Amino acid sequence: MSWLTTYVRPKIRNLLGKRDVPDNLWTQCESCSQMIFAADLHKNLNVCPHCGHHMRALVTDRLDWTFDAGSYTRIELPKAPVDPLGFRDQKRYTDRLKDQRAKTHLDESLVVAHGTITGHKAVVAVMAYEFLAGTMGAALGEGIVAAARLAVLQHAPLVVFTASGGARMQEGMISLMQMPRTTIAVQMVRDAGLPYVVVMTNPTTGGVTASFAMLGDIQIAEPNALIGFAGPRVIEQTVRETLPDGFQRSEFLQEHGMLDMVVARKDMRETLGRIIGLLGRQPVADAA
Amino acid sequence: MRQFLDFEKPVAELETKIDELRLLSAPPEGGARPAGEANSVQIGDEIAKLQEKADKQLRATYAKLTPWQKVQVARHAQRPHALDYIRTLITDYMPLAGDRSFANDEAVVGGIGRFEGRSVVVVGTERGSDLDTRLKHNFGMARPEGYRKAVRLVELAGRFGLPILSFVDTPGAFPGIDAEARGQAEAIARSIDACLAAPVPILATVIGEGGSGGAIALAAGDRVFMLEHAIYSVITPEACSSILWRDTSQATAAAEALRLTAQDLKHFRLVDEIVPEPLGGAHRDPAAAIRNVGQLLRQALPSLCQLDPSALRAQRREKYLAMGRLGS
């Protein structure tokens, strides 16, 4: 390091004005290994333009892609107890949370918003895989319950995008108890006669799958998403067999009767809009 | 033959000695006592002294079991299992079978019968107690058809207004290719859903190991009881250790961190009551453990049976919604 790099270069950069250059201009597709220009990838909803592979999406993008442009408002979610167990493995749980909050600019693994989808009112909850692998703790449970309450209050359908590695081990049994809690949230929406639509994205596993994620009136998944209760590694260790190709993927689940449809990201908003419209029983003028 | 756990060794040694002395003092077959009266009295004294010491040791050990020791006790092969509770507490028991869509999963047992004369539905996860029965019941690890059978039983109970008693003892839901293909996650979700929606009281007792999703599928009840040395956890300490510590040898630390004992869970108000176990754990005196569970169920059932379905459901919802809410 010399004064040229530490002093002169930043000076010149300041003079030229800040340029927002992302760290990675190019991304490699995890599926076909092709290099994709980051801007193109984002424009294509994080779907590989070469092979159609659906990559993970940030919650903020997901909200933009789902709601009609500029129509949504995020709501503040109720706070949950922080680190009720005083959990510590190699790292303190509170430190892990702090790191995640700094890294993701999210409070927790769920974001809830309300707005319109192709003109229909809806409440949408999106799980953030980027936050501790979308694990389910008390905060997520509170968030799902809050989303359900909001849907009932606004008399709007509830749409949940799931993405989760399962339970939040650091919250022990409080985490497990979110399975009945989120199920109660689903029941509240059901009791109010409102549609509950689940969109499963890659990956959705463990306690999330075995509770609110599998209780939708309509079950949708993005293509090739990993969906299951036990993770593939656990299954492999138990049965000591190699798992068949495509096992626990969206198409496999659809074939086995667990999903209504597999929908590409680009068609998601329109599909959700149609479902909400049809289940909402609002008559439309017959086009024919 | 009594099976001893590692930490029970001092007790085991004392009890072996007692058995040896008993053998010595007993008259040999068809013959007179080899030793005089005085000698046998001495042996008798010695046995009493050793017995007292063994009991003291046992009491001391079981008064402060570590979480990892509790995991071992909860999984003890000689602990009473779901069918033992059902056979003892339920009269006129009639087992029911099948999920009406694929198979009859023996990991989930249940049926109709009477508890204290009252018609009830019982359901439980059964681990089996020897090689044959363990294989038959798949070590208590249910497949989707098991949870679907449970849903059937819960709905049956609802239709006929029968309270439900459930006995939970499972390492977890079976993680197999077939189980996943038939919708393990959906089956568990529906089972939780059915329990929470039931118009009749559900009393769940964790009698041994409450293994994660496979346990809550049958334990989302109005009252949840747990035996003194039972465990109930979101993940096995072994699996938790390999994920968070990246090392399978940290199960002891994981068992502590997970707060999976009945005492911890009562403290967090995730279970309602702890059922006392006989000295040295339920495996030493299964009949006493079963009796204690029966007594608690007997106390809890009548008041719940008085509630009308909507009040019952509302109370149940509130109970679960309060778990993990700030300030509760």
Side-chain angles (χ1 to χ4, degrees), chain A residues 78-81 84-90 137-139 141-142 145 166-181 183-184 186-188 204-215 227-231 234-235 237-239 241 243-244 247-248 252-253 256-258, chain B residues 141 172-193 195-197 210 212-217 219-220 232-235 239-241 243-246 250 253-254 257-260 264-265 268 270-271 313 316-317 319-321 323-328:
Chain A
K79 297 268 176 273
L85 268 51
F87 195 96
R88 174 178 200 157
D89 47 87
Q90 289 169 315
E142 282 290 86
V145 172
R168 174 100 36 104
M169 280 173 285
Q170 294 92 340
E171 293 189 20
M173 280 294 292
I174 291 172
S175 161
L176 193 75
M177 287 305 148
Q178 304 314 311
M179 292 173 72
R181 291 183 94 212
T183 302
I184 290 169
V186 175
Q187 292 180 348
M188 294 184 332
T204 300
T205 57
V208 168
T209 321
S211 57
F212 64 97
M214 271 292 173
L215 295 172
I227 301 163
F229 178 61
V234 177
I235 299 171
Q237 280 163 10
T238 312
V239 299
E241 272 178 69
L243 302 176
F247 179 65
Q248 293 185 312
F252 175 92
L253 267 87
H256 285 79
M258 303 312 299
Chain B
M141 293 184 285
F174 184 62
I177 294 177
D178 57 338
E180 290 289 321
R182 291 197 293 275
Q184 186 71 297
E186 195 264 356
I188 294 172
R190 293 280 166 213
S191 188
I192 298 173
D193 194 7
C195 288
L196 291 170
S212 195
I216 187 69
Y232 194 1
S233 183
V234 68
I235 185 169
C240 180
S241 147
I243 296 170
L244 288 182
W245 278 264
R246 294 175 199 288
Q250 296 296 315
L258 283 166
R259 312 292 291 270
L260 42 66
D264 280 331
L265 299 176
F268 290 119
L270 303 181
V271 304
R313 264 191 297 236
R316 194 182 300 145
R317 272 190 189 184
K319 170 189 172 73
Y320 286 93
L321 286 178
M323 289 179 186
R325 185 195 283 156
L326 200 61
S328 66

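These numbers were taken from a predicted model, which means no experiment stands behind them. So you know, we letter chains A, B, ... as the sequences are listed, proteins then strands, and number each from 1.
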Visitor: Between Leu321(B) and Arg181(A), which heavy-atom pair has the shortest distance, and what is it?
Guide: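 Heavy-atom minimum between the residues: O-NH2, 2.5 Å.
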
Visitor: Rounded to the nearest 0.5 Å, how far does CZ of Phe174(B) lie from OG1 of Thr238(A)?
Guide: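 With rounding to 0.5 Å, OG1 (Thr238(A)) is 6.5 Å from CZ (Phe174(B)).
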
Visitor: Strictly distance-based, threshold 3.5 Å: is any side-chain N or O of Glu142(A) a donor or acceptor partner for the main-chain N or O of Arg325(B)?
Guide: no

Visitor: Please report the C-alpha distance between Ile216(B) and Met177(A) in whole Å, then the side-chain angles of each, then the deciding distance to 0.1 Å, and finally whether the side-chain contact (heavy atoms from CB on, under 4.5 Å) criterion is met.
Guide: CA-CA 8 Å; Ile216(B) 187 69; Met177(A) 287 305 148; 3.9 Å; yes

Visitor: Can you see which heavy atom on Val234(B) is nearest to which on Ala167(A), and at what distance?
Guide: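 Nearest heavy atoms, Val234(B) then Ala167(A): CG2-CB, 3.4 Å.
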
Visitor: Out of the candidates Arg313(B), Arg316(B), Arg317(B), Lys319(B), only one should pair with Ile184(A) under the side chain to side chain contact (heavy atoms under 4.5 Å, CB included) rule; please name it.
Guide: Arg317(B)

Visitor: Contact part of Ser212(B) toward chain A, heavy-atom cut-off under 4.5 Å: side chain, backbone, both or neither?
Guide: both

Visitor: Compare every heavy atom of Met323(B) with every heavy atom of Gln178(A), then report the nearest pair and how far apart it is.
Guide: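 What the structure gives for the nearest pair is NE2-O, 3.8 Å.
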
Visitor: Any side-chain to backbone donor/acceptor pair from Gln184(B) onto Ala230(A)? Under 3.5 Å, distance only.
Guide: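 No, the answer is negative, given that no donor and acceptor are paired below the 3.5 Å cut-off.
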
Visitor: Show your working on side-chain contact (heavy atoms from CB on, under 4.5 Å) between Arg190(B) and Leu215(A) and close with a plain yes or no.
Guide: CA-CA 7 Å; Arg190(B) 293 280 166 213; Leu215(A) 295 172; 3.5 Å; yes

Visitor: Calculate, to the nearest 0.5 Å, the distance between atoms CG and CZ belonging to Leu244(B) and Phe87(A) respectively.
Guide: 5.0 Å

Visitor: Do Val186(A) and Asp193(B) have side-chain heavy atoms sitting under 4.5 Å apart?
Guide: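 They are not in contact (no side-chain heavy atoms under 4.5 Å apart), so the answer is no.
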
